[in-house]
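I have placed the structure first, in the form of structure tokens, so that the comments after it can refer back to it.
In the text below, chain A, chain B and the rest are named by the order of the sequence lines, each starting its count at 1.
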There are 2 protein chains.
Amino acid sequence: MRHDGRLSRMLHVLLHMEEQQRPMTSEEIAGMLGTNPALVRRTLAGLREGGYVVSERGHGGGWMLGKPLAEMTLRDVYDAVGSPEVFALGLADDQPQCLVEQAVNTALRQSLDEARALLLRRFAEIRVSDLRDDFAARAASLGIMPGMSCADA
Amino acid sequence: MRHDGRLSRMLHVLLHMEEQQRPMTSEEIAGMLGTNPALVRRTLAGLREGGYVVSERGHGGGWMLGKPLAEMTLRDVYDAVGSPEVFALGLADDQPQCLVEQAVNTALRQSLDEARALLLRRFAEIRVSDLRDDFAARAASLGIMPGMSCADA
DNA sequence: ATAATTCGAAACTTCATAAGTTACGAAATA
DNA sequence: TATTTCGTAACTTATGAAGTTTCGAATTAT
Ligand code: FES
Ligand code: FES
């Protein structure tokens, strides 16, 4: 099953966005992510609705942070990209007639709901700025300039 | 993303299998699950390797439990169907050059690993026989004969 | 023996959907 | 007026579970 990488990508983008003191175009971002501008616009549109980024059209336009990274949690970003399905595991039928299958569903739902709740709780505890700090520490310990250029682009 | 219903289906099958005091053919099971015999064989093959079911060919053959439901946990069944990917959420790139993306991956992995560990721990705590008991309780409270026939077939 | 049943397994098609792409209009700046 | 850049719709591709077809092998019934 193809997994959903939107949360991961958007976090990556937000961190790079903070480093830049200028709007980043969808094309730049697409190059960074190894994808294309239309997809970037489509996904960042969700973050814009939440005020996490702002976009400007025309010459000199692009995407910039709409608020400090310290004011966004992973949970916020998760919701901004559409609160995608967490699990690949699922039920065969959500509303089965069969009582046996209902028992199976009840048990699986309970476990899945618990695990999802834990995950989203963790996400809510982590600010995006914490990732930036983690990155800064890695960079420092490797003796790398914090404002590095994009190696993957 | 299309989710993976193998665990759910196999639990359903195991519970029905216990009710029957005879081998169930792949065709019967397929009718029950709303699918087809080849898929049933493919998926049950994993359970057979773990000794959770046994199969016999030829006239009067089919599938039967290989051990009591009290000796199987949801975790056992999960592993028997191939330990499928738990999450639909995933990383954009598992081994990125970019330090920023590495920081993102580290944080996401940590949260996902925690949630997965909790889920599998719960799975390991639940015996398949617990689901049967839950089913029996539902059936009793509805005044339904425990050995009901298949309504979905 | 012969026929019927049933699993075993390979090869293939379908389906769902995230991702990727193309294209063009709207808005902003030069 | 030309250029840049986002906004958005429509379309194609990629991936893997699910579904299907088919035939051989094993087992039992007659
Ligand atoms: S993609 Fe993060 S530095 Fe290039
Ligand atoms: S599928 Fe469970 S009773 Fe028919």
Can you check whether B:Glu19 reaches B:Phe135 side chain to side chain, under 4.5 Å on heavy atoms? yes
Qualifying salt bridge (Lys or Arg N to Asp or Glu O under 4.0 Å) pairs with a residue from residues 67-76 of chain A, counting only residues at least two apart or across chains: A:Arg75-A:Asp79
Atom CG of B:Asp93 to atom C1' of C:dA19: distance rounded to whole Å? 15 Å
Side-chain donor-acceptor pairs under 3.5 Å in residues 115-127 of chain B, sequence neighbours left out?
| unit_1 | atom_1 | unit_2 | atom_2 | d |
| --- | --- | --- | --- | --- |
| B:Arg116 | NH2 | B:Asp113 | OD1 | 3.1 |
| B:Arg122 | NE | A:Glu114 | OE1 | 2.7 |
| B:Arg122 | NE | A:Glu114 | OE2 | 2.9 |
| B:Arg122 | NH1 | B:Glu125 | OE1 | 3.1 |
| B:Arg122 | NH1 | B:Glu125 | OE2 | 3.4 |
| B:Arg122 | NH2 | A:Glu114 | OE1 | 3.0 |
| B:Arg127 | NH2 | B:Asp130 | OD1 | 3.3 |

Nearest-Å distance for atom pair CG/P, residues B:Leu89 and C:dA18: 11 Å
When you measure from every atom of DNA chain D, which of residues 49-62 of chain B have a heavy atom less than 4.0 Å away? B:Arg57, B:Gly58, B:His59
Closest approach to the side chain of B:Asp4, judged atom by atom: which nucleotide of D:dC6, D:dA17, C:dG8 is it? D:dA17
Using whole Å, what does the distance between atom C1' of nucleotide C:dA19 and atom CD of A:Glu85 come to? 18 Å
Distance, rounded to the nearest Å, where A:Ile29 contributes CD1 and D:dT5 contributes P: 12 Å
B:Thr35 vs D:dG19: side-chain N/O to OP1/OP2 distance below 4.0 Å: yes
Can you measure B:Arg22 atom CZ to C:dT5 atom C1' for me and round it to whole angstrom units? 15 Å
Which sits closer to the 5' end of DNA chain C, A:Pro37 or A:Gly5, going by the nucleotide each is nearest to? A:Gly5
Given DNA chain D, 5'-ward residue of the pair B:Pro84 and A:Arg48, judged by closest heavy atom: A:Arg48
Is a side-chain N or O of B:Asn36 found less than 3.5 angstrom from the main chain of B:Ala30, in a donor-acceptor match? no
Of the listed C:dG20, D:dA18, C:dT22, the closest approach to the A:Ala38 side chain comes from C:dT22
D:dC6, OP1 or OP2 - any side-chain N/O from A:Arg41 closer than 4.0 Å? yes
Between B:Leu91 (CG) and C:dA18 (P), how many Å, whole number? 17 Å
Verify the contact: side-chain N or O of A:Ser26 to OP1 or OP2 of D:dC6, cut-off strictly under 4.0 Å; return yes or no. yes
Quiz question: going by heavy-atom distance under 3.5 Å, is there a donor-acceptor pair between the base of C:dG20 and the side chain of A:Arg42? yes
Separation of A:Met64 atom CE from D:dT5 atom C1', in whole Å? 13 Å
Does any donor atom in the side chain of B:Thr106 or A:Arg138 lie under 3.5 Å from an acceptor atom in the other side chain? yes
Phosphate oxygens OP1/OP2 of D:dA17: is one of them under 4.0 Å from a side-chain N or O of B:Arg9? no
Distance-only polar pair, side chains of A:Ser55 and A:Arg48, donor-acceptor under 3.5 Å: yes
Rounded off to whole Å, could you give me the CG-to-C1' distance for the A:Leu39 and C:dA23 pair? 16 Å
Would you check if the side chain of A:Tyr78 reaches a backbone N or O of A:Pro84 as a donor-acceptor pair within less than 3.5 Å? yes
Taking atom CD of A:Glu56 as the centre, does the number of heavy atoms from other residues, nucleotides or ligands within less than 6.0 Å exceed 12? no
For D:dT20 and B:Asn36 - does any side-chain N or O of the residue sit under 4.0 Å from the phosphate oxygens OP1/OP2? yes
